[in-house]
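What follows is a set of notes on a single structure, which appears directly below.
Quick note: residue numbers are just sequence positions, from 1.
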Amino acid sequence: MELLKYIFLGFIQGMTETIPVSSSGHLMIFKEIMSVNVDFDTIAILTNFGSLIAIIILFWNDIVKIIKGFLSYLKNKDKESKKEYKYAWMIVLGCIPAGLIGVLVSYFDLFKKIEENIKIVGLSLIITSILLFIIRNFKGKKDDDKVGIKEALIVGCFQILGLFPGISRSGSTIVGGMTQGLKRDTAFKYSFMLYIPMSMAAMTLEIFDLNIDPKLIFHYICSVLVSLIVTLLVTKWFRKIVNNGKLIYFSIYCFIVGLLVILFL
């Protein structure tokens, strides 16, 4: 039964990390309704690592292309690599707003009291629902090469919303991208290009909060593997949902769950 708890939490993380429903919010909800003796903070960090590896695997070809293009342009100034060079800088720029605020939030522990109030998660899910509803029919025309300083900064500012407990990071950044006229798949890709460095940075800050119990190493490994596999499958499915313009389903889900949390938890 103890192992099943860790597998279940890995499943929840994998299911909710990349879709716009807030993985942290869902872990907090299950922490509230499950009477289990589990270190949720440690599990959240470890299962986030599983999700990060999954996203790196999914976008590996894009990552390699961007890095190669960036280095090639630095060395040779060839026009063929200029697009990747610019895109790499737009990733850096898009991470700055949430990166700066994230450091302040972590250093001053600004969300400590908020995280203890499950009602805030419910409210945050409803905010996510509203954001998704607003852009449900948006169809942008801008490709990757049209992601400029303005688009990067605005999406980066939307990413700040994802720091708030219960507001989806992927949802807020995709919404930000689509409000700037990015194509659905362009907004999706850029959202996860920002996710990778932001997740790495967050894990670096959180690593000192890990409280590893040597007796539970196998449980941790299973939880991370489940999170990785489920994240892989769900993210591929989510990409199809975004491209088909069906974000309204997540808007409805977030509204219902948020309302239930406010009323009953």
Neighbour count above 12 (heavy atom, 6.0 Å) for Lys236 NZ: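 Counting other residues, nucleotides and ligands, NZ of Lys236 stays at 12 neighbours or fewer.
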
Looking at Phe49, I'd like to know if its CZ atom is crowded, meaning that more than 12 non-hydrogen atoms belonging to other residues, nucleotides or ligands lie closer than 6.0 Å.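 For Phe49, atom CZ is not crowded (no more than 12 foreign heavy atoms under 6.0 Å).
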
So, does [X] use its side chain to make a donor-acceptor pair with the main chain of [Y] at under 3.5 Å?
X      : Y      : answer
Arg136 : Ser251 : no
Thr47  : Gly10  : no
Ser223 : His219 : no
Asp143 : Asp145 : no
Asn244 : Lys246 : no
Ser124 : Ile120 : yes
Ser23  : Glu17  : no
Thr186 : Leu182 : no

If you define the side chain from C-beta out and look only at heavy atoms, does anything of [X] sit under 4.5 Å from [Y]?
X      : Y      : answer
Phe164 : Ile127 : no
Phe250 : Ile241 : yes
Leu52  : Tyr195 : yes
Leu9   : Gln13  : no
Ile91  : Tyr190 : yes
Phe133 : Leu247 : no

How close do Thr42 and Asp39 get, counting heavy atoms only, and between which atoms?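 Scanning both residues, the minimum pair turns out to be OG1-OD2, 2.8 Å.
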
Decide whether [X] and [Y] meet the rule of one side-chain donor and one side-chain acceptor closer than 3.5 Å.
X      : Y      : value
Thr173 : Ser191 : yes
Ser72  : Asp78  : yes
Ser227 : Ser51  : yes
Thr18  : Ser170 : no

When the ring planes of Tyr6 and Tyr220 are compared, do they come out parallel, tilted or perpendicular, using 30° and 60° as the limits?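 It falls in the perpendicular class, over 60°.
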
For Phe192, is the NZ or CZ atom of Arg169 found under 6.0 angstrom from the centre of its six-membered ring and inside 45 degrees of the ring axis?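 The answer is yes, since Arg169 meets both limits relative to Phe192.
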
Flag this pair as yes if the NZ/CZ of Lys189 is under 6.0 angstrom from the six-membered ring centre of Tyr87 and inside a 45 degree cone about the axis; otherwise no.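 Judged by the rule, Lys189 and Tyr87 form a cation-pi pair.
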
State yes or no: are the ring centers of Phe8 and Phe30 separated by less than 6.0 Å?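 Yes: the rings meet the under 6.0 Å criterion.
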
Taking the six-membered ring for Trp, are the ring centroids of His26 and Phe11 within less than 6.0 Å of each other?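 Between Phe11 and His26, which both carry aromatic rings, the centre distance is not below 6.0 Å.
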
Run through Lys142, Lys146, Lys183, Lys86 and flag the one making a salt bridge (charged side-chain N to carboxylate O under 4.0 Å, His left out) with Glu151.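 For Glu151, the salt bridge (charged side-chain N to carboxylate O under 4.0 Å, His left out) check succeeds only for Lys142.
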
Spatial distance of atom OG1 (Thr231) from atom CG (Leu58) [nearest 0.5 Å]: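 That separation rounds to 9.0 Å.
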
CG of Leu46 to CG of Leu216: how many Å apart, nearest 0.5 Å?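 Leu46 atom CG to Leu216 atom CG measures 10.5 Å (nearest 0.5 Å).
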
Before you tell me yes or no, could you show the steps for Leu125 and Ile29 under side-chain contact (heavy atoms from CB on, under 4.5 Å), namely the whole-Å CA-CA distance, both residues' side-chain angles and the distance that decides it to 0.1 Å? CA-CA 11 Å; Leu125 285 170; Ile29 291 170; 4.1 Å; yes

